[in-house]
Every structure is written in C-alpha cells, then in structure tokens.
Amino acid sequence: MPNIVIPPELRPGDGRFGSGPSKVRTESVGALLAAAPTYMGTSHRREGVRSVVRRARDGLHDLFGLPDGYEVLLGNGGSTSFWDAAAFGLVERRSQHLSFGEFGSKFAAVITAAPHLEDPEVIESPAGTHPLARADAAVDAYCWPHNETSTGVQTVVERPSGSEPDQLVVIDGTSGAGGLAVDPTQFDVYYFAPQKCFAGDGGIWLALCSPAAIARIERIHASDRWVPPSLDLHIALENSRLDQTYNTPALATLFLLADQVEWMLGNGGLAWASDRCDRSAEVLYGWAEASPVAGAFVDDPAARSHVTATIDFDESVDASVIAATLRANGIVDTEPYRKLGRNQLRIALFPSIDPDDVAILTRAIDFVVNALA
Ligand SMILES: *Cc1c(COP(=O)(O)O)cnc(C)c1O
C-alpha cells in the first residue's frame, strides 16, 4: 500500500465515521468520567442508576414526541436480541418482512426458524433499493428497517394502506432512530440500540411501544407460549416501568445514552438532529455527484440514507485502498459492509458527526484519490 500522508488541514476534527459502533462524543465520555465515582459500580436497583434510566426513558419520550399511552421499554442484548424477543413476544402467528439487506433479512430469518410461528411473508428487493409493505389480512406484524445500514438505504415509516389497527408495525430503528424524522403514530414498535445515532455503546435494546404493542405483549404473556425469561417482553415491560432491567445492564452504556438524548433535546430535539444529518448528506452526496470517480450507490435520491451513506467508486480507483489510507491517517471505519462486496466506502452521518468534518473528509478522499492516480 502506498504511503500517503494526508496534510493536517484535510483531517477532520474527529476521525470516526463508522456505522456502529459509531463516534461517541468526547464530552459524553467526560461527563461519564465526572459521574463515575458515584455512578459506575453502584447497584442498578438503586436510585443512582435508576434515575439515569429514567432520564433516558423520559428523554426518548420527549425526543420522539410519543403520544399518550406509548411506553419506552429496554432490555439487555442489543437489537439482535430484540429480534429473538420479538419472535417470542410480539409476533403472534405470522409476520411480513421487507428484506433488502443484511439486517432486515436477519430478522426474517429469526422468524422463519422459530418453530412456534408460521413461515413469514418475505418481500425482497435488490441491494440499493427497498420494497414496500403491503396490507395482508394473514399477518399480524409488518417488519422492516427504517434505515438498512448494510446498503445505505432509508425507507419511509408508514402504516401500509389498508392495514388493520391490530396488525403491528414493527420498525428496526437501530441506525435511523435519532437521525431520521419519524411519526410515532405510524409505528407500534420502534426499536434500536444506542451505538449508532445515540452515540453510546452497544449491549442494550430500546423499544418505543404503542398501546397496541403493549396489548400484544400482554396477550401473548397470558397465553400458554413458553418464553425464555431473558427474552420475555412482559418481564422487560414490568422492569422498564420501574426504570430497571431484568438483569444487570452496562451502566456506562445507559449513561452515554441519557447524555446523548439530552444533548439532542438541548439543541432542539429530533428536528435539529435530523437536520444535521440532512446537512451532512447534502455535503457528501453533493460531493459524490460532482466527483469524476465517485457516485451514490443508491439510485433513488429519496432512498439515499442520511445516516449511513454508501458511495461507489469507478474501476480506476480501489476503494479499499482509499479506506486503508484514510485509516492509516486516523480516519477510520469507512470500509463498506463486508458482504455487499462493492468498490465502495460507507460513511456514517450520525448526529454526533459534525457536517463540517464530513466536508473535510470529502477533501481528504479527493487528496487520496489524486495521490493514488
Ligand atoms: C446495527 C444494526 C443492528 C444490530 O444491532 P446490535 O445492537 O449489534 O444487535 C440491527 N439492525 C440494524 C438496522 C442495524 O443497523
């Protein structure tokens, strides 16, 4: 690999552009350090930790403008564990899934493998596009990601027209939540983990649940279905109402989450955070369109992700060499999703990432491309 040194003025203030775990704001880590002596290493059943969980839950309620009756649930294990929990506690009999990348297809695979559920209806479309959910009386849940992190495609969160109120809309907001606008009346469950827009660490899941979703959790709980306790959404519901988790959570993760939610609220809430992502997206896609060697991977401008952007390069440049050169210069995690197998960079545009740093990054990429030519 050529030894290319990027000059200091072309280095972003912060070099973290990964799509998860993503940039954690240094101020958050500083706040954690300051709180640590009376917070880290204390009981998660006592007020010190529970008050942080409360801040996170109340803050998310505000941030998303949740209607009356919606509740914020949390549990251990991240979004991947939530898929397992949903297979036990949300899907009653049969679900519909949109599959157009790694994450949407993984959830569909979880449901397909669950012996107590019918095979799901899976609607697919090629990487770089997304299909739409369609009303079907035979399903009790519609499931898709708000943002497909693996391909950089964002979707719209809207109840399928003709769907019934008792059919739940279950949205994977892992990479979209906190960076993309969303109308809570259009979902029943919006679940995510804090290591993306919420700039925390992994290991927990959060789920914003409508009254219909809570009724579903309660109905399944009252049925004779066996549910492993650590994946039991009813147990999670009862614990969440007490600002606790069923078993020991990672306290630093909770702290960073609460801090980031309050950072967003203090700056103007979700509208502010999503505007910031829009600005970064405008900078990045605008640069790519104007570049002789780069372009957006996603054809439809409306589907281009404003939180995880995928940029293709033509054959004259090797994107993996660009990513490796950036990495050698302290600009990390611009590699594409491994299984997509394209000549591509994937660049996170989460709210913590400064749009000015995105602009500097584009100039750094130009510099590397020129140096390689
Ligand atoms: C990152 C991601 C996941 C997986 O999250 P974990 O917390 O690692 O389980 C799931 N869905 C989407 C859309 C993601 O971006």
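Note that ligands are numbered from 1 as they come in the structure, with each ligand's atoms numbered from 1 the same way.
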Give the numbers and elements of all ligand 1 atoms closer than 4.0 Å to a heavy atom of [X].
{"X": "Ser175", "answer": "15 (O)"}
{"X": "Thr149", "answer": "12 (C), 13 (C), 14 (C), 15 (O)"}
{"X": "Trp83", "answer": "10 (C), 11 (N)"}
{"X": "Asp172", "answer": "10 (C), 11 (N), 12 (C), 13 (C)"}
{"X": "Ala193", "answer": "7 (O)"}

Just checking, any donor-acceptor pair under 3.5 angstrom between side chains of [X] and [Y]?
{"X": "Asp259", "Y": "Ser28", "result": "yes"}
{"X": "Gln260", "Y": "Ser352", "result": "yes"}
{"X": "His97", "Y": "Tyr142", "result": "no"}
{"X": "Asp201", "Y": "Thr253", "result": "no"}
{"X": "Thr155", "Y": "Trp144", "result": "yes"}
{"X": "Asp312", "Y": "Gln344", "result": "yes"}

For ligand 1, which part of [X] has a heavy atom less than 4.0 Å away: the side chain, the backbone, both, or neither?
{"X": "Lys106", "answer": "neither"}
{"X": "Thr80", "answer": "both"}
{"X": "Phe192", "answer": "neither"}
{"X": "Lys196", "answer": "side chain"}

Which residue from Phe107, Trp205, Phe103 reaches closest to atom 3 (C) of ligand 1 through any of its heavy atoms? Phe103
Asp243 and its salt bridge (Lys or Arg N to Asp or Glu O under 4.0 Å) partner, picked from Arg45, Arg55, Arg54, Arg46: Arg54
In sequence, state the C-alpha distance, the side-chain angles, and the governing distance for Phe192 and His146, and then conclude on ring pair (Phe, Tyr, Trp, His ring centres under 6.0 Å). CA-CA 10 Å; Phe192 48 91; His146 194 178; over 10 Å; no
Let's go through Trp205 and Asn76 carefully: what are the C-alpha distance in whole Å and the side-chain angles of both, what is the deciding distance for side-chain hydrogen bond (donor to acceptor under 3.5 Å, both in side chains) to 0.1 Å, and is it a yes or a no? CA-CA 6 Å; Trp205 56 258; Asn76 283 319; over 6 Å; no
So for Asn147, does at least one of its heavy atoms come nearer than 4.0 angstrom to any atom of ligand 1?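 Asn147: in contact with ligand 1 (<4.0 Å).
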Among all protein heavy atoms, pick the one closest to atom 7 (O) of ligand 1 and tell me residue, atom and distance.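 Here the closest protein heavy atom is Gln195 NE2, 2.9 Å.
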Who's the nearest protein heavy-atom neighbour of atom 5 (O) of ligand 1, and how far? Ser79 CB, 3.6 Å
Considering distance alone, does some N or O of Ser81 sit under 3.5 Å from an N or O of ligand 1?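 No, no N or O pair falls under 3.5 Å.
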